[in-house]
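Quick notes on the structure that follows.
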Amino acid sequence: MSLLSEIKAVVTDCGLPVETGVFSDEPPDEYVVVTPLADTYELHADDAPGYETQEARLSLFSKGNYMQRKKQLSKALLTADFVITERRYIGHEDDTGFHHYAIDVAKLYETED
């Protein structure tokens with residue numbers, strides 16, 4: 001499995017629509033957009049990494065109180081063995097009426113041959 005597919009499964013299980021990069025349809029009152037951030041190798045003595053760290057940002061958009069969804073998503077991500085590296089309120093988008101809250105995650109994956 002990949003980071004994006006695992007994130008999408010977690011978000012969908014929380015009852016939220018989710019897309020990668022941008023929400024392409026008319027957005028509902030709550031949704032999540034996932035943005036890949038980085039894929040990095042750790043240093044290895046033999047110069048052949050066996051694992052990579054994949055990172056992404058989940059942007060939660062909500063027209064209502066986003067606090068319950070933030071807690072629900074954070075708990076679900078931690079239960080699915082994601083590392084939450086940062087959580088941050090981005091701001092209220094006055095033109096759309098959405099609160100924007102970001103959750104950055106990372107997960108270790110074995111490299112493929």
Side-chain angles (χ1 to χ4, degrees):
M1 253 189 153
S2 72
L3 179 78
L4 294 177
S5 62
E6 285 193 60
I7 289 172
K8 285 184 175 186
V10 169
V11 174
T12 301
D13 286 347
C14 289
L16 289 166
V18 58
E19 292 195 23
T20 302
V22 66
F23 203 84
S24 58
D25 293 328
E26 182 70 26
D29 287 348
E30 286 186 312
Y31 65 97
V32 173
V33 173
V34 180
T35 306
L37 296 177
D39 299 323
T40 58
Y41 293 123
E42 298 299 321
L43 296 176
H44 297 274
D46 62 1
D47 292 330
Y51 293 89
E52 70 176 336
T53 302
Q54 296 181 15
E55 300 177 58
R57 170 168 288 168
L58 288 78
S59 292
L60 169 63
F61 294 93
S62 178
K63 287 193 174 182
N65 187 340
Y66 66 92
M67 297 297 287
Q68 279 303 109
R69 285 296 194 184
K70 171 189 84 164
K71 291 177 188 176
Q72 180 189 25
L73 281 171
S74 296
K75 184 177 180 180
L77 289 162
L78 292 171
T79 299
D81 295 327
F82 285 92
V83 174
I84 295 177
T85 58
E86 184 174 18
R87 300 187 310 166
R88 173 185 304 252
Y89 183 74
I90 304 301
H92 184 265
E93 299 176 352
D94 293 335
D95 58 333
T96 64
F98 283 100
H99 292 280
H100 180 183
Y101 190 86
I103 303 172
D104 292 354
V105 298
K107 196 165 189 180
L108 196 64
Y109 290 90
E110 192 169 351
T111 55
E112 298 176 4
D113 292 330

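For clarity, every value in this text was computed on a predicted model and none was experimentally measured.
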If hydrophobic clusters are built from ILVMFWY residues whose side chains come within less than 4.5 Å, do V11 and L4 share one?
yes
In terms of hydrophobic clustering (I, L, V, M, F, W, Y; side-chain heavy atoms under 4.5 Å; direct or indirect links), are V33 and L77 co-clustered?
no
Who passes side-chain contact (heavy atoms from CB on, under 4.5 Å) against L108, sequence neighbours left out?
Y51, T53
Correct closest heavy-atom pair for H100 and S59 would be NE2-OG, 3.1 Å
Got a second to check how far S2's OG is from K107's NZ, nearest 0.5 Å?
10.5 Å
Evaluate S24 against E19 for side-chain hydrogen bond (donor to acceptor under 3.5 Å, both in side chains), listing each step before the verdict.
CA-CA 8 Å; S24 58; E19 292 195 23; 2.9 Å; yes
Classify the ring geometry between H99 and Y89 as parallel (under 30°), tilted (30 to 60°) or perpendicular (over 60°).
tilted
Just verifying a value: how many Å separate K70 NZ and R88 CZ, rounded to the nearest 0.5 Å?
13.0 Å
Qualifying residue for side chain to side chain contact (heavy atoms under 4.5 Å, CB included) with T12, from V18, V32, I7
V18
Please test L60 against I103 for side-chain contact (heavy atoms from CB on, under 4.5 Å), starting from the C-alpha separation and ending with a verdict.
CA-CA 8 Å; L60 169 63; I103 303 172; 5.8 Å; no
For the atom pair OG (S62) and CE (M67), what is the distance rounded to the nearest 0.5 Å?
11.5 Å
Just so I know, are the side chains of L3 and P36 near enough to count as touching, which here means a heavy-atom distance under 4.5 Å?
no
Which atom of E55 lies closest to which atom of A106, heavy atoms considered
CG-CB, 3.7 Å
Measure the spacing between CG of L16 and NZ of K8 and express it to the nearest 0.5 Å.
14.0 Å
In one Ile/Leu/Val/Met/Phe/Trp/Tyr side-chain cluster, 4.5 Å: L37, F82
no
Would you compute the distance between atom CD1 of I84 and atom NZ of K75 and round it to the nearest 0.5 angstrom?
12.5 Å
On a heavy-atom basis, the closest approach of P28 and P17 is CG-CG, 3.6 Å
Output the distance between atom OH (Y101) and atom OG (S74), rounded to the nearest 0.5 Å.
6.0 Å
Common cluster, L78/L58, ILVMFWY with side-chain heavy-atom separation under 4.5 Å
yes
Over all atoms of both residues, closest heavy-atom pair of A76 and V10:
CB-CG1, 3.6 Å
